Each structure stands twice: as C-alpha cells, then as structure tokens.
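The structure displayed is predicted, hence computed values, not measured ones. All values below were derived from every heavy atom in this structure, side-chain atoms included, with hydrogens, water molecules and symmetry-related copies excluded.
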Amino acid sequence: MEVLLMNRPTDHVCKTRTLLALILCMWVSMQVMAGTENATHLSARPSSLNIGALFTFNSVIGRAAKPAILAAIDDVNSDQSILRGTKLNITLHDTNCSGFLGTVEAMELIENDVVAAVGPQSSGIAHVISHVVNELHVPLLSFGATDPSLAALQYPYFVRTTQSDYFQMYAVADLVEYFGWREVIAIFVDDDYGRNGISILGDALAVKRSKISYKAAFSPGAPKSDINELLVGVNLMESRVYIVHVNPDSGLTIFSIAKSLGMMTSGYVWIATDWLPSHLDSLNSPGPDIMNLLQGVVALRHHTPDTDLKKRFMSRWSKLQHDGSPSFNSYALYAYDSIWLAARALDVFFNEGGNVSFSNDRRLKATNRSTLHLTSLRIFDGGQKYLQTILKMNFTGISGQIEFDQDKYLVRPAYDILNIGGTGSRRVGYWSNSTGLSVIAPEILYKKPFNRNTTAQLYSVIWPGEVTAIPRGWVFPNNGRPLRIGVPYRVSYEDFVVKDKSPPGVRGYCIDVFEAAVNLLPYAVPRTYILYGDGKRNPEYSSLVAQVVQNKFDAAVGDIAITTNRTRIVDFTQPYMESGLVVVVPVKEEKSNAWAFLKPFTYQMWLVTGAFFLFVGAVVWILEHRMNHEFRGPPSQQLITIFWFSFSTMFFSHRENTVSTLGRLVLIIWLFVVLIINSSYTASLTSILTVQRLTSRIEGIDNLKSSNDRIGVQDGSFVWRYLVDEMNIAESRLVKLEDMEAYIKALTDGPTRGGVAAIVDELPYIELFMSSTKCAFRTVGPEFSKSGWGFAFQKDSPLAVDLSTAILQLSENGDLQKIRNKWLTRNECPTQLNKVDGGQLSLTSFWGLFLICGIACFLALAVFFCRILCQYRRFTPEPVEADVEEIGPTNTRSRRLLWSTIFKDLMVFVDKKEAEIKHMLKRKISDSKHEASPSADGRLHSLREEDLSADGQLHSLREEDLRADGRLHSLRT
C-alpha cells in the first residue's frame, strides 16, 4: 500500500518532464524554420540592382535631370530604411536628340538587365521604346515625355512621372475662354510631342466654343528661314492669339524672328506652354537680350508645392556638381522623384515576396545569325508585378504628391500662370484640373469644400506693347483683301436696299444702319459691297446666306430675316429691326342700315334691360299701391300705370310721385342704373354711326389656312418655304409677287379673277406697302412667326459680336430711330381692321349694376311683406284662428275652404289703403277695451255711435276717392 502511494508522485514528475521536452523540441524547430524563411527573404534581395536612365544630356531638360538623378541614387543608397542591403546602380545613356540614336541606346540600356528605365524626355523616342519595354516587361518611368497619346492602353509599361500635356492644353483653353477669344493660331513643332498636344488643344477649345483657325507647323531643327516664312504667313491672318508649343532648345528662335517682324507689339497675344519657363528657369540669370524678346508673353509652368522637402532639395542644388554647372527647372524635381518611385516600389516588391530574375525570349533565338546580339535582351520575370506595385505607390516627393489615378495620370495636375515682363516673370494665377483658374494656390483650395460654381480669377496681365487692356485677339487679314459683303439686288421695296451709282455702290435703310454700326467700332473695317442677283427679280435670300457659308462672301448685309435654319449655318448680329409675318387683305366699307340703332347692345343686353324695366316698375307699384293714390284705381288703369312708370324712367319723365321710403330707395338706385345704360348706349351708337367700318371675309392666318384661296408671297422671301414646311399649305396655292404693283393687282382682282385672297409677308414690307397705297388694304389677325432682321457673318466671326454691341449702342443713343425716320417715315395706317361687333355692349359690362338693383328690389319687397303680415295678424279675429284648429286635419275640404277664405281676406287686406288699415286697427283695440269693461255700457253705446259716424265718414271718403280717381282718369285721357 505504501509502495503504491510512493510510486504515484514519481510517475507524475516523469510525465511533466516529458511534456516540457516536447514543447522545447517544437520551439526549436519553429525557430529553425523561421530562420530558414528569413534567410530565404534575405537571399531574395540582391546585393545590387541596375536602373537605366535615357535622355539627352546636353539639353534644357537633360542638364537639369542628370544631377537630380545622380543625387537621388546617392540619397536612396544612403537611406537604410529603403532597399535594406541592396544597392542601386544607375546606367546613363545619351540619346543626343535623335530618335534613331535614342532607340539604339535604349537597346543597349536594356541589355544590362535593368529592372526599370528612367526617361526618355523625348515623346518620339518614348513611343518606340514603349514597344520594347512592353515585350521585356521593364517599367519605363518618363519624367519628360508629355505627349498625351502615350497614355494609351497599347503602352501598359509606360508610366509618366510628370504632368501630361492633356491637362496643359485644357489650361490653355481655359485661358482663351477667360479672356474672351474665339480663334487662335497654333505654332508647334511637327513631331509626336507637338502634333498630339495641339490635337488635344483643338478638342479643349471646341468644348469652350472656340477653335484653332490655323495650325502653323515646322519640322524639328527647321532653319530660321523656314520659321521666318511661317511667321510672315501667320501675320497676314485674322487671329492675333498665338499658342506656341515647341521644344525648349529651339523655342526662343520663334520669338526672335517675331520680334524682328514687329509681332511683339500691341494687339498681339503670345501664350507659351511649359517649355518656355523650363528654359528660363534653367538659366542662372537670363540676359536682357533674351528678356526683351519675351515682354508680355503668358506662359504655363508645372506647379510644385513649396514643401519642406522641396526647400531642402533646393538649398543643396548648387552643391550638386556633375560635369559642369547644373541648371534647374521643374523636370529636375520629376526626375528625382522618379528614382525614389522606383526604389520605394522595389522595396514593397521585395517585401511582398517578389524576386528579380530574367529569362530569354524564345522569339529572339532564331536570330542568332544576326550581329545585333538580340538574345542579350531578356525578359524581367517580375516586371508585371513590379509595374502594379509602382502604380499603387502613394508618397510625397519633392514635386508633390506621387499617386496615380486609374488612367495612370499623376493626381492633382496643376500649373502656374506666368506673365513675363521686365527682367523676370510674375505669377498671375494658378490652374488645376479641379478648380480651374484661380489666384489661390491649388493645395490651399484642395483643403476647402469643393465648389463647382467658383468664378475664374487672374491678376492683371501686361501684354506685348506694355498694355493692360485685354487685346481684341483678331484683326482684319493683312493680305490686301477687304471684307466682301454680299448685298441683295432688289427690284422692290428699294427703301431698304438698292443699287446706287455713287460709292459705295448701294444705299438704303439697311446700308445706313450697317455703316453707322461699323463707324462705332474702335478699328477700321475695309469693305466692299457686292450685289447679289440679276436686278430683274428679287434674289433668293437663303441662297445669299449660303454664299456666306461657302466663303464667297464674308458677310451679307440687307433685309435678311433671322430664321432657325439660317442660324444653324451663319452667325447673325443683334436684330436691328423687329419683324414678323402678317396677313394683308383687301377690305370694303360696311354700309349703315335701318336697324343700326340696335347695334350698341347685344340681344342679351336688350332682353335683360327690358326685363328690369318691367320688374322695377312692378316693384315700385307694389310698394306705393297702399299709400299713394296715383298707383290706385281699376286693374287696367293700374297695369297701364306700371308700364308707363317703368319706361318713362328711361328718360327721367315719370310724373308719379313716390311717397314710401322703400319705393324711393328702389327708384334712386334704378335711376342711377338707367343713367349709366343711357350714356353707354349714346356713346356706342355715336361711334357706330360716325366711325368708318371696314370688313373682310379673311380674319387671320388660321382662317386663311383652312380655305382654298390663293395666297401671295414676296419673290425671294423665306415665307414660301415657311408656309409650305411649317403651315402645311400646298405650293399650288402660293403665288410669287415681284413688286408693289403686283401686290395691288393681285389683291384687287381677288381669287375669282386670277388674283389672291390675301398676301403673307413680313411686317416692315407691309407697313411700307399700306402707306404707299394710302391705307387701301389692311392686316387681319395677330402677327405670327416673330423674328427680326440682322447681318449675317460666317460662323464664329468676331465681327458679328462687335457689331451686335454697336447696334445696341445705336438703339440706346437714338441713332437707329433717326435712320428709320429718314427712310421709312410714311403715312401711318391702322394695322388691324375694326371689328364689326367690337363696339357692342354686352351684359358682361353691366351685370354688376343689375345685381345691385335686383338685390335692392328684393330687400325692399321682403321688408314690405313682413310689415303686411304683421298687420294682418293683428287684424285677423281670434275666432277664425280657433275655427281652423277645431276643424282638425281630417276634414280636408273644410280646411281648403277656410284657407281660401283667409287668402281672399289677405288680398283684400293688402289692397286696402294704409289709412283704412290703421283706422281698423284702432277700432279693434277700442272694442277689445270695451269688452274688458262691461259696466261702461253708456260709454260703449256712445263709442258705437261714434264708430257708426266714423263709418259714415269713411264711406264718404271712399266716394271722394272714387270721384278723384275719375277726375285723374279724365285728366290722363
């Protein structure tokens, strides 16, 4: 038992030791495996790597890029946090500004098993080398090739580490739009860099509704004589805005020749791309000879933020001595960042398990017989992964943020806008892809909320000739040819435009307006007028406008209507005369007839007025019948009284006096209504009998369209096509008329004798036509198809804009009206017919008066009958009311007889005089008092005798009333 207890702790200790031994073994094995893995990673990082650089050493860009590249290699190799244990070796090859030599140098460069190539600066060489690196999977980091077409999908291994000219050309387009220019001339070197950049500029200007009027290209390395000849031809053209996109090494030659040709003076605009600031920045101190060539030039420079990294690099730039004195420009910053981009990407590439290895291209083995040794060109096996690593990099370099978007462009492209003057240049603003033109640095605007409606801003610019006013940007071509102006050779309506024997060969209203507008322009306009047409009939105006489009005329001046179809092909000035289509017809005078007195009122007005006369008469009779003896008598006499009183109020000749308050109130309101109606009737009848009234069976364009009558139009006018295309009127109904005599004859004859029922023409012609015919014809219906007359110019002509401003000025100062009065002042005619029923007065104008009168009548009747009912209830004996209750609801016949009796009594009560009613009510009150005091029999007897005597007196009064009514009747008879 004790042995067993002693053995159990021993077993436990053994098991614990065994477990610890197993854990120790596992830990040792894991450490060994980890060490092996680390050794593998360390072995994947080679001790050195080759990077190639390809550019022209002796060039503006090369002289700045070379020291920057060497400095970047030194900085990378001295930084222990990058490429730990791996040294970068740089191999430099000079392309010597030659596409052929550049290609050969690129082949030799890639033979060195480089993992990346930096350069080239030439876009042409970049196109060729991109095909090579695509096959060998070697990323090509270009700090100087700005050709926009290199961003195509066919060059996947081309990575641009500078800004593309795609954005620079849009910056130039924004400048052109900001200063209001419509046309520019592009001067560029005819290579991939120049052609493709200017192509993008054309697209950018098209978005801004501008264009490149001429592309002046010269070959690379062209002699001065060729450039001189090119600029001489450019100087003869219209545009004075020049965009210069050339190489930095030869660009100053253009300005030198332009200076000698007098093209750097006032009125000229020169905009240079980034090549010019790059050249000036590379010079330690540009001499006065160079700066005198560039006074007033506007240039773009790559914008690089002023960060601490950039400032530290600039402070050590003067110490970088590599084969001579270095020259600095923005390309040095991009070249420096390109090396760092390659190094940082390699570090990430290795950290992600990448391996550097090369393999032979099987397609090159078949060329062993060649002496070019193409088999030395090997494929970088990790090139695809390394390329993707490069495109994902995001860090801050000395040129700014190094990050690529999905199109492989550097993010946030921006440029400085420089104005060269004096001994240097000054910055007048910035441009960025997201904020446009601004005077605030892009890196500051990026921190603010995005505002799409931000207005473009720049500081003032001093232009060539030391002027601050924005140049117009164009002049008339200096090639000896004046402006060719086409003028319609009209045979009718010669007041507008007609041939003249004296200079300038034409005259008329339209010519005077054009001459006055041209005289307001701040520059001379050499011009010559050319008649269009044979002089036998009016020319087709649409054909004249087409001649402007075909460049046979520079402009068309005359009575040219601005229509939708014409505005699509030419530019019109501001309209100098309003116009529109109208319908003119022959008219006849309406003769007066025997029933003209009924025309002032419509039949509804007559009916309502007559009804109210009777209604008001009846109301007054009801209100006056009980208390006015003039409204009493036999029924026939009372009916005559109602009619007589009603209609006599029309002339305020009624002789019956009104004694009741309600009757007088109704009569006063009615007499006011009669006064208004009477005055209106008199005025309308006077107008109908005295004003001449003309009529026509054609009432307007709709009425004319629905008929089958023939329609006249002016020969050569756009009206023919408008009626056919827009109004869908058959051409067989249209008749062309050449002059006023044809107008008069056609309208006089009418459609029954070979003429027309109406003429459709523009309002200015019709006004002159009616004035000339002494208003024998009139227009009907409203004016339709509103338009105007303007001067036609070729599309995007700047003269159209300036003349529009001049026409507005003529209108504001009154000169336009003076010219109109000089040529077009005639006897004015009413443009519209007098409508036959236009003067009739309808119920609409008087219903308010009738409403007031009707309400007054009904209120008076309501008050009157309420008073009657109150009196009748007092007059009715109480036993009668009790009898009605005793009959009950079962005996219907008895109830009807009783109510009939009550109604008859009521009518008799209403017909009684007011004095009788009052007397009867007094007697009833006295009777009720007598019954309440039976002891006063004597007094009652005396009262009865007094009642009898009063009845006798009342009977005598009635007889006197009857005698008075008889005398009144005899008097009326």
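The distance from atom CG of Leu49 to atom CG of Leu88, rounded to the nearest 0.5 Å, is 6.0 Å. Put simply, CG on Leu109 and CD on Glu111 are 9.5 Å apart, with the number rounded to the nearest 0.5 Å.
Donor-acceptor pairing under 3.5 Å is recorded for the side chains of Glu443 and His303. Side-chain N/O atoms of Ser149 and Asn196 include a donor and acceptor closer than 3.5 Å. Side-chain N/O atoms of Tyr331 and Asp274 include a donor and acceptor closer than 3.5 Å. Judged purely by distance below 3.5 Å, without hydrogens or angles, the side chains of Asn433 and Arg412 never pair a donor atom with an acceptor atom. Side-chain contact check for His137 and Tyr386: no donor-acceptor pair (N or O, by modelled atom type) lies under 3.5 Å. In the model, Asn394 has a side-chain atom that pairs as donor or acceptor with a side-chain atom of Gln401 under 3.5 Å. Side-chain contact annotation: Ser164 with Thr146, donor-acceptor N/O pair under 3.5 Å absent. Side-chain contact annotation: Asp192 with Ser123, donor-acceptor N/O pair under 3.5 Å absent. For the residue pair Gln121/Ser59, the side-chain donor-acceptor check at 3.5 Å is satisfied. A donor-acceptor pair shorter than 3.5 Å can be found between the side chains of Ser359 and Asp381. With 3.5 Å as the limit, one finds no donor-acceptor pair spanning the side chains of Lys87 and Ser47.
For Asp226 (side chain) and Ala222 (main-chain N/O), no donor-acceptor pair under 3.5 Å exists by modelled atom type. Lys408 places a side-chain N or O within donor-acceptor distance of the main-chain N or O of Phe158, the cut-off being under 3.5 Å. Of the possible polar contacts, one joining the Asn329 side chain to the Val60 backbone as a donor-acceptor pair under 3.5 Å is found. Proximity of a side-chain donor or acceptor of Thr56 to a complementary backbone N or O of Thr95 within less than 3.5 Å is not detected. A distance-only check finds a donor-acceptor pair linking the side chain of Asp191 to the backbone of Gly194 [under 3.5 Å]. Lys385 places a side-chain N or O within donor-acceptor distance of the main-chain N or O of Glu352, the cut-off being under 3.5 Å. Of the possible donor and acceptor atoms, none in the side chain of Thr162 sits under 3.5 Å from a partner among the backbone N and O of Tyr334. At least one donor-acceptor pair under 3.5 Å links the side chain of Asp405 to the backbone N or O of Asp407. A donor-acceptor pair under 3.5 Å is absent between the side-chain atoms of Asp147 and the main chain of Gly124, judged by distance alone.
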Criterion side-chain hydrogen bond (donor to acceptor under 3.5 Å, both in side chains) on Ser81 and Asp79, from CA distance to verdict: CA-CA 6 Å; Ser81 63; Asp79 192 340; 2.6 Å; yes
Could you walk me through whether Asp337 and Lys310 pass the salt bridge (Lys or Arg N to Asp or Glu O under 4.0 Å) check? CA-CA 11 Å; Asp337 284 343; Lys310 178 181 175 181; over 6 Å; no
Given Arg301 and Asp281, is the salt bridge (Lys or Arg N to Asp or Glu O under 4.0 Å) satisfied, shown in steps? CA-CA 10 Å; Arg301 180 178 63 192; Asp281 291 343; 3.6 Å; yes
Check the pair Asp174 / Lys208 against salt bridge (Lys or Arg N to Asp or Glu O under 4.0 Å), numbers first and verdict last. CA-CA 8 Å; Asp174 282 350; Lys208 308 296 183 181; 3.0 Å; yes
Run the numbers on Glu135 and Ile379 for side chain to side chain contact (heavy atoms under 4.5 Å, CB included), then give the verdict. CA-CA 7 Å; Glu135 297 295 332; Ile379 299 174; over 6 Å; no
Given Arg45 and Asn351, is the side chain to side chain contact (heavy atoms under 4.5 Å, CB included) satisfied, shown in steps? CA-CA 9 Å; Arg45 288 178 178 263; Asn351 291 336; 2.5 Å; yes
Start with the C-alpha gap between His245 and Leu201, add the side-chain angles, then the distance that decides, and say whether side chain to side chain contact (heavy atoms under 4.5 Å, CB included) holds. CA-CA 10 Å; His245 185 56; Leu201 176 62; over 6 Å; no
Please step through side-chain hydrogen bond (donor to acceptor under 3.5 Å, both in side chains) for the pair Tyr178 and Gln457, ending with a clear verdict. CA-CA 8 Å; Tyr178 178 82; Gln457 291 182 341; over 6 Å; no
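The shortest side-chain heavy-atom distance between Ser210 and Val207 does not fall under the 4.5 Å cut-off. A heavy-atom distance below 4.5 Å is not found between the side chains of Arg427 and Tyr459. A 4.5 Å side-chain heavy-atom check between Asp75 and Tyr336 finds at least one atom pair inside the cut-off. Looking only at side-chain heavy atoms (C-beta outward), Val348 and Lys392 stay at 4.5 Å or farther from each other. Counting heavy atoms from C-beta on, the side chains of Val244 and Leu276 never come closer than 4.5 Å. Using a 4.5 Å cut-off on side-chain heavy atoms (C-beta onward), Pro120 and Leu140 make contact. Using a 4.5 Å cut-off on side-chain heavy atoms (C-beta onward), Leu83 and Phe350 make contact. Between Tyr193 and Asp165, the closest side-chain pair of non-hydrogen atoms falls below 4.5 Å.
Of the residues Ile187, Ile254, Ile271, the one that meets the side chain to side chain contact (heavy atoms under 4.5 Å, CB included) test with Tyr242 is Ile187. Of the options Ile69, Asp74, Asn50, Val76, a side chain to side chain contact (heavy atoms under 4.5 Å, CB included) to Ile90 is made by Ile69 and by none of the others.
Residues Tyr170 and Trp431 keep their aromatic ring centres 6.0 Å or farther apart.
Between Tyr415 and His302, the ring planes lie tilted relative to each other; the angle falls in the 30° to 60° range. Phe55 and Phe143 have perpendicular rings, their planes meeting at more than 60° on a 0 to 90° scale where under 30° would count as parallel. The aromatic rings of Trp317 and Phe328 sit perpendicular, their planes meeting at an angle over 60°, well past the 30° parallel limit.
Within the cation-pi definition used here (under 6.0 Å to the ring centroid, within 45° of the axis), Lys66 qualifies as a partner of Phe57. Phe395 carries Arg344 over the face of its six-membered ring, with the cationic atom under 6.0 Å from the centre and within 45° of the normal.
Under the 4.0 Å criterion applied to side-chain N and carboxylate O atoms, Lys311 and Asp306 are not assigned as salt-bridge partners.
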